J.: 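Here it is: the structure, laid out below.
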Amino acid sequence: MIVRILGEGQFRVDATAAGDLNQLDTALEAAVEQGDQAAFTAALTGLLAQVRAHGSPLPPDILEPSELILPGQDTSMDEVRKMLTDDGLIPG
Amino acid sequence: MKGTAALMGVMKRVSLVFKAKANKALDKMEDPRETLDYSYQRQLELLTKVRRGVADVATSRKRVELQMNQLQQQSNKLEDQARKALSMGREDLAREALTRKSSAQGQLDELQTQYAQLQAEEEKLTVASQRLQTKVDAFRTRKETIKATYTAAEAQTRINEAFSGISEEMGDVGMAIQRAEDKTAQMQARAGAIDELMASGALDDAVGGRRDDIQSELDMMAASSDVERELARLKGELTAGAPKQLEGSAPGANGEAQGAQGSQVSSQPSQEPYAPPPPSAQYALPQQTQQQAQPSQPAGLPVSDLPGRADEAQDGEGS
């Protein structure tokens, strides 16, 4: 599956990593809901590390949409919250 | 994908938002092939915007760099002043200089952090603009193929795919630009504040050439000690008697003047006494002067003036 890290590009990640990613992603979402900064940072850092470790960067001339999209490393909890709303951060 | 928990997860939700935006844009078009041209136009606009963004961040970064240099100069200068003040026994003045130095240093540290951030933004945007360029090129190729090869109905799925891929990239890049713009705006506000601070004299102006109060006090002290020294020297001359002094100091002093003796006395002060490197003037001259000038060594009073005054100029201004 293809995963995008915002500001970094797309990665092709082995499907076997999906379980780990989902677990961390759930933790990330819970942290955002609860406003738990420490948990948020830990989950996001862990997610990005997993994607980078299990994925290989997609060549830039590939025009495929990503199945999953992750905020970049320096994204704040507030920014993530806004990203989750339709008229939030993402332009278009 | 497996493991659909009660919570959907951030990754999935963000990607859904991206997809929803892409679909909304696609739905607006009657003939899907129109979408291709319209999207391509927007891609080119975005590319221009990203490149401008890179240039803006670079400009902002250079401004910060300039200010950092100014603050560094200022900090060095204040430390010099503190050292000078201490050597003159003015601990109070040294303390004031060091207090300002610490304030300048604090500003400098903050700027350094922000400089690093701007640099990171610049790098990210540069990479993003290259990636977008590649994707836009790929899109253009795909667009032409789709338009040439497929009917409107057939083209739909292919267009959707290419469009979603590129619109995701555009969303990503668009956010990166927004971030960079925010950072640049913050940075400019901060840079403006520091400019004002410098202009107000709170950090003092190192590069504007304005004389600050610490410097003028140091200068005043240096000047008054010059006066004292001159006084002491003149007194010394009076009590020791002119001729004896002359014998001691003449060999290195001023050959030309000595050769001409009394006739040049009045013009001597303008020849050597304030030359910036008095020591070299003193030690370079003897070889030529000694042969020429020795016969007429006992010159007029001002000759003995020269070495002494040159020394003092060195003490008072040279540092």
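Atom set for the values below is all heavy atoms of this structure, side chains included, hydrogens, waters and symmetry mates excluded. The model shown is predicted, which means the values in this text are computed figures rather than measured ones. Every chain is numbered from 1 and lettered A, B, ... according to where its sequence line falls, protein lines coming before strand lines.
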J.: So what's closer than 4.5 Å to chain A heavy atoms on B/Q117: side chain, backbone, both or neither?
T.: neither
J.: Can you give me the closest heavy-atom contact between A/S66 and B/K19, atom names plus distance?
T.: O-NZ, 3.1 Å
J.: Considering non-hydrogen atoms only, spot the tightest contact between A/I62 and B/K135 and give its length.
T.: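 The pair with the smallest heavy-atom distance is O-NZ, 2.7 Å.
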J.: Would you compute the distance between atom NZ of B/K12 and atom CG of A/L21 and round it to the nearest 0.5 angstrom?
T.: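 B/K12 NZ to A/L21 CG: 12.0 Å, rounded to 0.5 Å.
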J.: What is the distance from atom CZ of B/R179 to atom CD of A/E79, rounded to the nearest 0.5 Å?
T.: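 B/R179 CZ to A/E79 CD: 4.5 Å, rounded to 0.5 Å.
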J.: Under a 4.5 Å heavy-atom cutoff, which of B/Q133, B/E161, B/Q130 has the most pairs with chain A?
T.: B/E161
J.: Which residue in the set A/T26, A/L47, A/I69, A/L24 passes side chain to side chain contact (heavy atoms under 4.5 Å, CB included) when paired with B/M11?
T.: A/L47
J.: Output the option from B/L16, B/V10, B/T141 having the highest count of non-hydrogen pairs under 4.5 Å with chain A.
T.: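 Among the listed options, the one with the most contacts to chain A is B/V10.
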J.: Which heavy-atom pair separates B/S15 from A/E67 by the least distance, and what is that distance?
T.: OG-O, 3.0 Å
J.: Which region of A/P59, side chain (C-beta onward) or backbone (N, CA, C, O), has a non-hydrogen atom less than 4.5 Å from a non-hydrogen atom of chain B, or is it both or neither?
T.: backbone
J.: So, taking the atom named CZ in B/R142 and the one named CG in A/D61, what distance separates them when rounded to the nearest 0.5 Å?
T.: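 Output value for this atom pair is 9.5 Å.
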J.: Got a sec: does the CZ of A/R12 have more than 12 other heavy atoms crowding it under 6.0 Å?
T.: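 12 or below, so no.
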J.: Taking atom CD as the centre, does B/Q72 end up with more than 12 heavy-atom neighbours from other residues, nucleotides or ligands that are less than 6.0 angstrom away?
T.: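 Atom CD in B/Q72 is packed in, count exceeds 12.
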J.: Rounded to the nearest 0.5 Å, how far apart are CE of A/M83 and CZ of B/R13?
T.: 12.5 Å
J.: Can you say whether A/L58 sits under 4.5 Å from chain B via the side chain, the backbone, both, or neither, judging by heavy atoms?
T.: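 Neither part.
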J.: Tell me, for A/E8 versus chain B, whether the close heavy atoms (under 4.5 Å) come from the side chain, the backbone, both or neither.
T.: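 Backbone only.
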J.: How close do A/L84 and B/V14 get, heavy atom to heavy atom, and via which atoms?
T.: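 Looking at all heavy atoms of both residues, the shortest contact is CD2-CG2, 3.7 Å.
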J.: Counting distance only, does the side-chain N/O of B/D172 pair as donor-acceptor with the main-chain N or O of A/L6 below 3.5 Å?
T.: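 No, the answer is negative, given that no donor and acceptor are paired below the 3.5 Å cut-off.
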